[in-house]
There are 2 protein chains.
Amino acid sequence: MDMNHTVTAKDVAKLAGVSQSSVSRVYFEGAKVSEKTRLKVLAAAKQLGYRPNEFARSLITNRTRIIGLVMKGVDNPFYPQVLTRFTAAFKALGFSVLFVHTNNEELEAEDIEILLNYNVAGVIITDATMSLNVANEFKENKIPLVFFNRKLQNDDFYSVSCNNLDAGRKVAIYLLEKGVTDMVYISGNEDTSTSRERQRGFFEVLESRQIPYTKYASNYTYEGGYQTALKAIRSGHVPAAFFVANDIMALGTVDALKQQGVKIPEETKVIGFDDIEMADWPSYQLTTWRQPVEKMIHFTISYLMDEIAAYTGKSGKVEVNGALIERLTT
Amino acid sequence: MDMNHTVTAKDVAKLAGVSQSSVSRVYFEGAKVSEKTRLKVLAAAKQLGYRPNEFARSLITNRTRIIGLVMKGVDNPFYPQVLTRFTAAFKALGFSVLFVHTNNEELEAEDIEILLNYNVAGVIITDATMSLNVANEFKENKIPLVFFNRKLQNDDFYSVSCNNLDAGRKVAIYLLEKGVTDMVYISGNEDTSTSRERQRGFFEVLESRQIPYTKYASNYTYEGGYQTALKAIRSGHVPAAFFVANDIMALGTVDALKQQGVKIPEETKVIGFDDIEMADWPSYQLTTWRQPVEKMIHFTISYLMDEIAAYTGKSGKVEVNGALIERLTT
DNA sequence: CTGAAAGCGCTTACAG
DNA sequence: CTGAAAGCGCTTACAG
């Protein structure tokens, strides 16, 4: 239609024969307009191809409909589904997602500056943490913040994760019931709460039953799991079971063991964590601990929506129970 | 610092003893200010925690620093890396990414409305297409648009993809040189240009050499590749080679064949497309065609940046050559 | 219910 | 180089 000039509420008002305020009221949720005015405005708007300017809107309301989603581990197949589910849920709620990628386990001021500049309505940090003074910036600006799949040491924020401690314990008990007599734990990055808590629950049970175990530190990647498994059996001794802190490492572990001719589950057992799609592939059929992703997402979004509606800044640690998924590696 | 009132340029100006215009000039790239003023402003800004409001900025400049990134197939491991690389590149250029997920191969008006509302600086559509009247909306608003890894029938837009036709031909020639005598092609979704062109190049060569082949239609998923491979060998006849339109399906194909006891590469060969990370995993060691992702991203970004700097609306079809990666399935 | 007007926080001619 | 002022496109008291 028009070539250069962007269509504004004023243009629509003129064509519809009403005031600019009335046009605004038609598009602003909650405002009151007569049906007659509404129809006139919508007709004119359609004819001109009008579209309310989000920037003008945000400038005056001091609110946005943007959620900042910060992700670290998009390489881990656990996260793409998290991303798409969040995006779909927010779209249904009328929010858009500003995607921020970071390589840092602890977010830097620079990583999240953009979120403050855009005055986002809320923020989700997945698979990463943040120094307190950075996190406090969000507090000062009354921007609600959720740590997803991470727990902060600090009690001042809100986090949603799987109950990793419980999971670690249950995995240990499950393996013990299978008659396993010694175990290896392959950890993820040790600065993550997920790896530490899974480990803590696991070791706690083993120690109470006086079962010998060895820990190998790795890094939540396939290659890490592969190399660490090789290292673990280099001495010639193959432990009765491997608990691997996430699935993608567990797949690496399985491949390394297969490559060394170790029979699974006869000679050793492997159990992962997450229940990514690949765990169910015929080549792997990996026993694992399923993260309750749907529920975790639900709690995250409902906290954010509440806080966006009426900011309280309340903190909390939500831990959702997962479940063991038994397949063919145990 | 301050509790409720957001800090504006006016506040900074007051504290620094300069005009609001001067504060603005310090933060607006290209504007001129004396070093003395700059230092006074920066000191005051730091003290108050000032941060320019992006919305006010965009409102007046009628430009944003947001790129809309629309993705369909985030389940396909090819795409997460695409997402993170785009995000990292845009961050370095001072742009943010508004992430839009869709399930539709052809985008609906609703899918991209948000991008128009936010008046994004540019748009990338990956793994999907768009009806012409929707695409034209971007044109009318002078928003540059790139189709990534898709080609439109229409010549009015800009697309960047792998040279799929050439790849299909080279794959056929490679397999023929291996002495293969009959082949199966497992296609991706047939409404995608990628699948159609890979197929076209492949069949073209086979037909010119009078090599028999069968085509099975599938859907670019692991499960699709798995089931289709089973179907293909149900008759009892195992073809000498499978060309599978993407890697994730090829992995499904490999697993199905293994499960049926078919030896790879002795009894049949499998070649995929993309070169996702998993293709290199020891369990698979999949021969595949590597997509030149870095280059494809480079062309996409450089087109967008040029068009953002000075809009021309020029169209084009960039096709970058990939390369065969030989592993153990052929 | 509706309109005229103020104002959100910036950028940008314009004058000095 | 700097400041006063207009204006980007909206929302929202306020009055009628």
| Separation of atom CD1 in Ile60(A) from atom C1' in dC8(C), rounded to whole Å | 5 Å
| remark: note: Lys14(A), atom NZ; dG3(C), atom P; distance rounded to Å ~ 16 Å
With a non-hydrogen cut-off below 4.0 angstrom, is [X] in contact with a base, only sugar-phosphate, or nothing?
| X | answer |
| --- | --- |
| Val33(A) | sugar-phosphate |
| Ser21(A) | base |
| Ser58(A) | nothing |
| Arg63(B) | nothing |
| Arg38(A) | nothing |
| Ser24(A) | base |
| Val23(A) | nothing |
| Gln20(B) | base |

| field | Side chain Arg51(A) and base dG9(D) donor-acceptor under 3.5 Å | value | no
| From Val82(A), Val97(A), Ile67(A), residue fulfilling side-chain contact (heavy atoms from CB on, under 4.5 Å) relative to Thr87(A) | Val97(A)
| Has Lys91(A) got more than 12 heavy atoms of other residues, nucleotides or ligands less than 6.0 Å from its NZ? | yes
| request: Take atom NZ of Lys317(A) as the centre, draw a 6.0 Å sphere, and report whether it contains more than 12 heavy atoms from other residues, nucleotides or ligands. | output: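 Counting neighbours around NZ of Lys317(A), more than 12 heavy atoms of other residues, nucleotides or ligands fall under 6.0 Å, so yes.
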| message | Which nucleotide, if any, forms a Watson-Crick or G-U wobble pair with dA13(C), using both distances under 3.5 Å? | response |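 Partner of dA13(C): none.
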| said: Can a donor-acceptor pair be found, under 3.5 Å and without considering hydrogens, that links the side chain of Thr300(A) to the backbone of Met296(A)? | reply: yes
| request: Establish, with yes or no, whether the OP1 or OP2 oxygen of dT12(C) is under 4.0 angstrom from a side-chain nitrogen or oxygen of Tyr27(B). | output: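 For Tyr27(B), the contact criterion (side-chain N or O under 4.0 Å from OP1 or OP2 of dT12(C)) is not met.
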